[in-house]
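A short worksheet on the structure shown next.
All values derive from a computational prediction rather than experimental measurement.
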Amino acid sequence: MALRIGVPQETAPGEKRVATVPDVVAKLIKLGFAVSVQSGAGDAANFADDTYVAAGASIVPTAAELWAQSDIVFKVRAPSPEEVALMREGGVLIGFVWPAQNPALMEQLKAKRATVLAIDCLPRQLSRAQKMDALTSMAGVSGYRAVVEAANAFGRFFNGQITAAGKIPPAKVFIAGAGVAGLAAIGTAANLGAIVRANDTRAEVADQVVSLGGEFVKVDYEEEGSGGGGYAKVMSEGFQAAQRAMYAQQAREVDIIITTALIPGKPAPKLITADMVRSMKPGSVIVDMAAEQGGNCELTVPGESVVRHGVTIVGYTDLASRLAKQSSTLYSTNLLRLTEELCKTKDGLVNVNFEDDAIRGLTVIKDGEITWPAPPPKLPATPAKPKAAAAAPAASKGHGHGSVEPMSAKTLAIVFGVGALLFALVGLYAPASFLAHFTVFVLACFIGYMVVWNVTPSLHTPLMSVTNAISSIIAIGALVQVAPPLAGVAGAADRPNTLILWLAVVALVLTAVNMFGGFAVTRRMLAMFRK
């Protein structure tokens with residue numbers, strides 16, 4: 001019998017998102033599931049009950065009824081103790097759980113013999129897990145919203161303007177942390193016309209910052225900050241001291257600071273001190289995206305926007321929820337992709353397969369047994385770099401068109417000498433008519449070789465297909481043989497014999513294929529180089 005998926009209304013204060021949207025309901029039903037939605041669950045995200053009914057879901061009036069009848073529950077926020085009490089014995093829960101921060105919740109779910117898949121525990125280093133990565137989806141929305149909140153509190157243009165009333169300089173924005181949220185904030189602020197600077201402990205994100213229109217500000221201290229799984233690691237004291245000095249300088253110069261620094265399972269690192277806030281220009285803004293985990297700024301008040309030393313410090317913990325419709329759509333798609341992995345047979349049943357590294361990482365409780373933390377996923381081994389061949393140094397001295405070693409001076413002299421001798425013999429003994437054609441042939445070969453040799457290797461295939469078509473001048477010779485002789489023309493009585501005639505016909509057919517095929521291949525090849 002197919003399982004029923006239940007979508008309750010979120011009970012966390014200020015939470016407007018919903019775990020499933022009507023478009024996704026229809027796809028879940030195609031997987032074989034029945035879907036129930038609590039009445040009013042999508043109202044705050046502008047998804048009315050009748051849109052769920054139209055998609056095939058049933059509407060349940062109360063949370064108690066929904067939890068009681070649902071085999072699988074989709075949630076956004078971690079369930080409250082009251083919601084866990086309503087949960088069916090042995091049921092399945094999918095949503096944000098944060099097991100490291102909620103040990104009491106884990107024990108409650110264990111007592112219910114539940115199977116819990118925490119979307120926040122997805123092993124993000126697996127490329128195939130990206131379609132299920134709700135953390136990335138929500139971080140992108142939050143980064144965008146952080147810039148919107150900063151613009152609202154700033155009270156000035158982001159872009160520079162020249163008006164009749166005077167020149168307005170562009171706003172300067174500094175973004176601490178260039179993860180998913182930081183990159184989204186960089187792109188949004190740059191698109192609004194601000195001068196954007198950013199910093200991250202991971203040096204590899206510098207190119208990403210620049211590609212989005214920002215300037216990467218490097219800490220004057222050499223240390224790699226990648227911590228695996230897409231997160232940064234805790235840095236050494238020396239690095240942190242150099243980083244604080246850089247942040248202090250940026251605080252004095254910029255108008256807006258957006259902080260995004262988080263390390264899983266740890267309080268948010270304090271990056272912006274009270275002294276830095278005091279040094280900022282009056283009217284400046286700080287948006288602390290890590291406010292829910294304590295904040296990156298010492299003066300942040302989680303959930304509130306406060307003014308300290310003339311600086312507005314925004315500590316909202318519901319940035320993604322402030323774009324509820326967009327966030328809900330992205331999140332529900334992530335859960336749909338996860339459900340597809342759990343129900344590959346499309347029969348409305350789920351299989352929590354521990355052989356799948358992504359599913360194993362997500363599963364924090366299985367049938368009442370705590371399975372968190374999961375073992376590290378088995379990543380494919382990095383292929384070893386092949387040892388350089390002995391001839392590689394010599395090949396590297398070539399022209400970059402293969403591994404052919406250039407001729408030595410002695411060999412080149414011998415080749416030219418033999419070639420000159422052959423040309424001398426041809427000039428002395430060949431008929432004058434042959435010599436004229438031979439000269440044209442040699443010059444054509446030389447010009448063709450030089451033209452092809454100087455073309456980028458990646459374009460050799462389309463080039464050769466064109467030259468194949470153009471070089472089909474053989475068609476002219478074949479046509480001369482096939483065409484009837486003209487009366488009154490010298491040699492008109494000379495007709496080719498039957499063998500030559502049929503050879504000319506075959507040559508025409510093959511040449512036509514070569515010509516049309518050459519241009520067709522060229523067109524397809526050049527299309528690959530167009531955006």
Short question: side chain of [X], backbone of [Y] - any donor-acceptor pair under 3.5 Å?
X      : Y      : value
Asp120 : Val97  : yes
Ser211 : Gln208 : yes
Asn191 : Gly187 : yes
Ser142 : Leu319 : no
Asn351 : Cys343 : no

Inset, instruction - Starting from the C-alpha separation in whole Å, work towards a yes-or-no answer on side-chain contact (heavy atoms from CB on, under 4.5 Å) for Gln249 and Phe174. - result: CA-CA 11 Å; Gln249 179 183 351; Phe174 177 72; over 6 Å; no

Pairwise distance [atom1]([X]) to [atom2]([Y]) - rounded to 0.5 angstrom:
X      : Y      : atom1 : atom2 : answer
Asp133 : Met138 : CG    : CE    : 10.0 Å
Asp220 : Phe239 : CG    : CZ    : 10.5 Å
Ile94  : Thr339 : CD1   : OG1   : 5.0 Å
Gln130 : Arg337 : CD    : CZ    : 13.5 Å
Gln161 : Lys167 : CD    : NZ    : 12.5 Å
Lys266 : Gln293 : NZ    : CD    : 13.5 Å

Are side-chain heavy atoms of [X] and [Y] found at a separation under 4.5 Å?
X      : Y      : result
Val180 : Arg124 : yes
Ile286 : Met280 : yes
Gln326 : Ser137 : no
Leu362 : Ile119 : yes
Ile359 : Leu338 : yes
Leu342 : Leu117 : yes
Asp207 : Phe216 : no
Gln243 : Thr201 : yes

Can you give me the closest heavy-atom contact between [X] and [Y], atom names plus distance?
X      : Y      : answer
Val25  : Gly56  : CG1-C, 4.4 Å
Phe158 : Val147 : CE2-CG1, 3.9 Å
Gly361 : Pro123 : CA-CD, 4.0 Å
Ser327 : Ala320 : OG-O, 2.6 Å
Gln125 : Pro377 : NE2-CG, 3.6 Å
Ser332 : Val21  : OG-CG2, 3.3 Å

Inset, instruction - Please find out if less than 6.0 Å separates the ring center of Tyr331 from that of Phe74. - result: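 Distance test on ring centres: not under 6.0 Å, no.
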
Inset, instruction - Answer yes when Lys131 and Glu341 have at least one side-chain N-carboxylate O distance shorter than 4.0 Å, and no when they do not. - result: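 Answer for the salt bridge query: yes.
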
Side-chain donor-acceptor contacts of residues 255-263 below 3.5 Å, not counting sequence neighbours, with atom names and distances?
residue: Asp255; atom: OD1; partner: Lys281; partner atom: NZ; Å: 3.1
residue: Asp255; atom: OD2; partner: Lys172; partner atom: N; Å: 2.9
residue: Thr259; atom: OG1; partner: Asp288; partner atom: OD1; Å: 3.1
residue: Thr259; atom: OG1; partner: Asn296; partner atom: OD1; Å: 3.2
residue: Thr260; atom: OG1; partner: Ala176; partner atom: O; Å: 3.0
residue: Thr260; atom: OG1; partner: Gly177; partner atom: O; Å: 3.1

Legend entry - Whether Trp98 and Phe96 hold their rings parallel, tilted or perpendicular, with breakpoints at 30° and 60°: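 The arrangement is parallel - the two ring planes meet at less than 30°.
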
Legend entry - cation_pi(Arg360, Phe354) dist<6.0 Å, angle<=45: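 Yes; both conditions hold, so Arg360 lies above the ring face of Phe354.
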
Inset, instruction - Give the intermediate values and the outcome of side-chain contact (heavy atoms from CB on, under 4.5 Å) for residues Leu336 and Leu31. - result: CA-CA 10 Å; Leu336 170 66; Leu31 290 175; 4.2 Å; yes

Neighbour count above 12 (heavy atom, 6.0 Å) for [X] [atom1]:
X      : atom1 : result
Tyr144 : OH    : no
Lys346 : NZ    : no
Ile162 : CD1   : no

Inset, instruction - Under the side-chain contact (heavy atoms from CB on, under 4.5 Å) rule, what do Val24 and Thr329 come out as? Steps first, then yes or no, please. - result: CA-CA 8 Å; Val24 170; Thr329 302; over 6 Å; no

Legend entry - Chi angles and distances behind the side-chain contact (heavy atoms from CB on, under 4.5 Å) call for Arg128, Asp356: CA-CA 11 Å; Arg128 58 176 292 270; Asp356 186 323; 2.8 Å; yes

